[in-house]
Amino acid sequence: MNEKFLKPYNPSETEGRIYKLWEESGFFNPDNLPAKRYTPVRTDVHPGGLDARRFSIVMPPPNVTGVLHMGHALMLTLEDSMVRFKRMQGFKTLWLPGTDHAAIATQSRVEKDIYKSEKKSRHDLGREEFLKRVEAFAKQSHDTIISQVKTMGASADWSREAFTLDPKRSLAVRTMFKEMYADGLIYRGHRIVNWDPKGQTTISDDEIVYQEEKTVLYYMKYGPFTIATSRPETKFGDKHVCMHPKDERYRDYKDGQKIDLEWINGPITATVIKDEAIDMEFGSGVMTITPWHDRADFEIAERHKLPREQVIDEYGKLLPIAGEFAGMKITEARQKVVRKLHDKGLMVKEEPYTHNLATAERTGGIIEPQIKLQWFIDVNKPIAKRKNKTLKEIMHEAVASENIKILPEHFEKTYFHWIENLRDWCISRQIWYGHRVPVWYKKHGTDTEVYVGIEVPTGDGWKQDPDTLDTWFSSGLWTFSTLGWPEKTKDLELYHPTDVLETGYEILFFWVVRMILMTGYALGEVPFKTVYLHGTVRDGQGRKMSKSLGNGIDPIDIAKKFGTDAGRMALIVGNTPGTDTNISEDKIRGYKNFANKLWNIARFVIENTKGEELLPDFSAYTPADATLRQERHDLLVDVTKDMENYRFYMGAEKLYHYAWHTFADKILEESKGILQGGTAEEQKSRKQFLLHTLDKILKVLHPFIPFVTEEIWQLWKNPSTKEGMLMVAEWPISKSL
RNA sequence: GCGCGUUUAGCUCAGUUGGUUAGAGCGUGCGAUUCACAUUCGCAAGGUCGCAGGUUCGAUUCCUGCAACGCGCACCA
């Protein structure tokens, strides 16, 4: 027996070495898996001769913005467990890793750093220099993240690693943009968008976070009417007063009627507008509209073809239309406008009011709706090459047809609900880091020629659109851009659609739906068959981990302190899909002890079976051992079912319980007597049972706790070839259930 | 406002299609332990399965209503 077993299991001495062993074997790459077991050609199942027994997952690419957190650790643990399980089952298994450039997040992070150290803005540096800085940061951050992903034991194929902004993915992005433009799905137009004054860019509806704000609702005199607003500082240009056509209180006022009245900065002429969008119950049932800075107002103005005027600039300051208030920040202007309204006798009353304030997810900036010329994806346009279905319909059908299953199932309702409310997707961003919009303009007198293409146009005078694309545009292509699209590669044919997309539920709308959209459009198929959504990892008391609370747990610290396996097991057990999970050092410590328990189980079995070889076909078990063998078999069948049905939380717990409280506590204890006082037959039977059980336990636990199981396996079996590694050993329940 | 989820032991949570005495980990109490175990083992205490109805031979599980908490979406000036 190896001397190592005389000491407790030491993860920090083991894990790096074992990972290296796996990596050097080449088996992370499915092309290198031993042909005999992994490439049964099943032309009957998959016409064209491709291997039907293949399994693929693309890794949700971590952002190159920071370091690995517990959410990543959970994602990696679940996916690695799936991948290792399938690999052992003999599937040609690909787990394709990568990272995301995370445009806004990365750019704002670097901007902040530069401002801190040099007091310079990106404009001080210029586009080219700034991008150099971002790329340097991204590179460094990438290296950190990747090494941390490896620390978690991820058996991903690094030879296929991708980055959302590398040349191949950029080609995919430009190709997609061009195709969608040609099909009329991508268009450019003046629309009201979410403007983030802090980040100096538009953002999509999904990048908004609403925060409750206690504020004041001001009632003001507007000629014969009383109007209510929480934002008096935007009202300078309001020259249209709206009410519901059926509102009896205002039946004497006709649509289009002109009314002269005294307003903030002097007399104006207002026009009456009747529109059904007005809520008669709210306030006085009358409102003025500010089409440039409010979506609902914008829509009313569109319906009635009303002029629109900008009141607030891109930095949140008032424009000359505000008269004496021009140049002020809106927060400052509000108080002064209120005072003036009081002075002029236009203020009727003030009421406390609670509403939701829209803020930018990444920068925290307060969103100011603005009308801007932007690029959009039309989600309601019939697509000729997709049987005249719209993108909305494509997304809806993918899940309604059960071509995609979402776990847990109730998220399917949330998914449909989201699609119903979906508006055109604004994809252009006024930031510098990211995929530049592949559109070039050339002026011919007053006309502008537009070129949309993959390559830079030839000839002089072309200027590229300054904007970049929403980072989710490139992430939306992830399942197929990573496999080589737009080229028709063997990988694409073999591994797409992927089998599982495993990610956090908070990212369902950002990412999962956009992959379904992009893939449905580009390939006419689904990007994956199953979506497994995991919950948020919280602290031991169920609080969100945050810097300010200081309650964060760093997966890399955990790996050092307790071992990666302990952290992985703690993340798996009791963690059902879609539900948040609490994790504490106490829980992790428990699984560190489990790794050590397994270590000692191995020591006991090896020590007590000296001279006995594991006989694969042994069947001369005593009746008692035959019963134990049947129980073990039933358990493994059960666990295999759990694995195939994504009940990892349950499979892992059952194995933990069996290994510790059945095998160790009962069977090993009982074996002490048999091995000393039993007959030769009894001893032989029991030794075989112990050897077989250790062998199988190591195999089935390997997907969850790969390091300690592989280490024991290596010390015990001392395999002469890399094919003898536990990582590629055969799953003990042979048939797929 | 619309929708979704949760409510089970002191704490954190499981409980797959309704079926014996409802489970785990941690914690607590008692005992054992140089014999695989940087510890471990044995035993024990502890639950009206949120509340009220309904379906059923039988409900923690299915249905309805209510309550508390959490989340998502939308938003009214």
Side-chain angles (χ1 to χ4, degrees), chain A residues 1 5-10 205-206 208 210 217-220 222 227-232 234-235 238 241-243 277-290 293-297 300 353 355-356 358 408-423 505-506 508-509 535-536 538-542 569-570 573-576 578-608 638 641-642 645-647 649-654 656-657 660-661 664-666 668-669 671-672 676:
Chain A
M1 193 183 63
F5 282 116
L6 302 177
K7 286 194 217 148
Y9 173 60
N10 180 353
D205 295 343
D206 300 288
I208 288 179
Y210 290 98
L217 191 62
Y218 302 94
Y219 288 79
M220 289 135 49
Y222 190 79
I227 60 161
T229 183
S230 59
R231 302 197 59 191
T234 65
K235 297 288 165 194
D238 289 15
V241 58
C242 307
M243 58 215 74
I278 311 301
D279 181 354
M280 289 189 268
E281 308 294 317
F282 190 89
S284 58
V286 179
M287 65 181 250
T288 62
I289 57 167
T290 315
H293 299 291
D294 186 285
R295 184 182 302 277
D297 294 4
I300 293 172
Y353 183 61
H355 74 150
N356 284 328
E409 214 169 321
H410 70 255
F411 273 100
E412 294 185 357
K413 287 180 193 165
T414 316
Y415 174 86
F416 291 132
H417 188 246
W418 182 85
I419 291 176
E420 279 162 29
N421 289 312
L422 182 63
R423 287 188 287 248
Y505 62 71
E506 75 280 0
L508 178 65
F509 302 137
T536 306
R538 297 167 175 274
D539 76 0
Q541 287 130 57
M569 199 68 181
V573 172
N575 187 354
T576 51
T579 308
D580 292 352
T581 186
N582 298 350
I583 197 159
S584 60
E585 290 209 353
D586 280 345
K587 185 173 180 187
I588 300 165
R589 189 174 295 111
Y591 293 109
K592 175 185 187 280
N593 291 347
F594 178 58
N596 195 54
K597 187 77 186 178
L598 203 59
W599 187 253
N600 280 289
I601 287 172
R603 174 180 169 184
F604 180 92
V605 171
I606 295 166
E607 227 166 38
N608 286 282
D638 204 26
K641 272 187 203 161
D642 286 336
N645 292 295
Y646 301 97
R647 296 189 297 258
Y649 58 98
M650 213 181 257
E653 189 175 344
K654 283 174 186 166
Y656 169 89
H657 199 262
W660 197 320
H661 300 297
D665 290 350
K666 298 204 172 75
L668 294 193
E669 287 304 325
S671 299
K672 289 174 187 171
Q676 279 179 358

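Each chain gets a letter, A, B and so on, in the order its sequence line appears, and its residues count up from 1. Keep in mind that the numbers below use all heavy atoms, side chains included, and drop hydrogens, waters and symmetry copies.
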*Asks:* What nucleic acid atoms does A/Gly574 come within less than 4.0 Å of, heavy atoms only: base, sugar-phosphate, or nothing?
*Replies:*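 The residue A/Gly574 makes sugar-phosphate contact but no base contact.
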*Asks:* What's A/Ala664 touching, base or sugar-phosphate or nothing? Going by heavy atoms closer than 4.0 Å.
*Replies:* base
*Asks:* Between B/rC13 atom C1' and A/Asn582 atom CG, what is the distance in whole Å?
*Replies:*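 Between C1' of B/rC13 and CG of A/Asn582: 8 Å.
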*Asks:* When the C1' atoms of B/rU33 and B/rG25 are considered, how many whole Å apart are they?
*Replies:* 23 Å
*Asks:* Determine whether A/Trp418 and A/Asp206 make a side-chain contact, defined as any pair of heavy atoms from C-beta on separated by less than 4.5 Å.
*Replies:*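 Result yes, sub-4.5 Å side-chain heavy-atom pair found.
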*Asks:* Closer than 4.0 angstrom, basic N to acidic O: yes or no for A/Arg295 and A/Asp205?
*Replies:* yes
*Asks:* Looking at every strand, decide which applies to A/Thr579 at a 4.0 Å heavy-atom threshold: base, sugar-phosphate, or nothing.
*Replies:* sugar-phosphate
*Asks:* Identify whether any heavy atom of A/Gly540 sits under 4.0 Å from a base atom; if not, whether one sits that close to sugar-phosphate; answer base, sugar-phosphate or nothing.
*Replies:* sugar-phosphate
*Asks:* Indicate whether OP1 or OP2 belonging to B/rG72 is found under 4.0 Å from a side-chain N or O atom of A/Tyr415.
*Replies:*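 So the side chain of A/Tyr415 is outside the cut-off, no N or O lying under 4.0 Å from OP1 or OP2 of B/rG72.
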*Asks:* Any ion pair linking A/Asp638 and A/Lys641 (charged N to carboxylate O, less than 4.0 Å)?
*Replies:*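 No, this pair does not count.
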*Asks:* Does A/Ser230 reach a base, just sugar-phosphate, or nothing at all? Heavy atoms under 4.0 Å.
*Replies:*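 If one applies the 4.0 Å heavy-atom cut-off, A/Ser230 turns out to touch the sugar-phosphate alone, with no base involved.
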*Asks:* What is the distance, rounded to the nearest whole Å, between atom CZ of A/Phe411 and atom P of B/rC73?
*Replies:*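 So the CZ-P distance, A/Phe411 to B/rC73, works out to 11 Å.
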*Asks:* Would you state whether a donor and an acceptor, one from the side chain of A/Glu669 and one from the base of B/rA36, lie under 3.5 Å apart?
*Replies:*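 Flag set: donor-acceptor pair detected.
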*Asks:* Determine which nucleotide pairs with B/rG42, using a 3.5 Å limit on both distances of a Watson-Crick or G-U wobble pair.
*Replies:* B/rC30
*Asks:* Is any side-chain N of the basic residue among A/Glu669 and A/Lys672 closer than 4.0 Å to the acidic one's carboxylate O?
*Replies:*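 Looking at A/Glu669 and A/Lys672, the cut-off is met.
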*Asks:* Rounded to whole Å, please give me the gap between NE2 in A/His417 and P in B/rC4.
*Replies:* 9 Å
*Asks:* For a quick test of reading the model: is some side-chain N or O of A/Trp660 closer than 4.0 Å to OP1 or OP2 of B/rA24?
*Replies:* no
*Asks:* For A/His661 and B/rA24, is the shortest distance between a side-chain N/O and OP1 or OP2 below 4.0 Å?
*Replies:*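 Negative; the distance criterion is not met.
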*Asks:* With sugar-phosphate meaning primed atoms plus P, OP1 and OP2, does A/Lys672 contact a base, only sugar-phosphate, or nothing at under 4.0 Å between heavy atoms?
*Replies:*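 Since a base atom lies under 4.0 Å of A/Lys672, the category is base.
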*Asks:* When you measure from the side-chain N and O atoms of A/Thr576 to the phosphate of B/rA14, is any distance below 4.0 Å, counting only OP1 and OP2?
*Replies:*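 Affirmative; the distance criterion is met.
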*Asks:* In whole angstroms, how far is the P atom of B/rC76 from the NZ atom of A/Lys235?
*Replies:*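 Rounding to the nearest Å, NZ of A/Lys235 and P of B/rC76 are 11 Å apart.
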*Asks:* I need the NZ-P distance between A/Lys587 and B/rC26, as an integer number of Å.
*Replies:*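 Rounding to the nearest Å, NZ of A/Lys587 and P of B/rC26 are 12 Å apart.
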*Asks:* Looking at every strand, decide which applies to A/Leu508 at a 4.0 Å heavy-atom threshold: base, sugar-phosphate, or nothing.
*Replies:* nothing
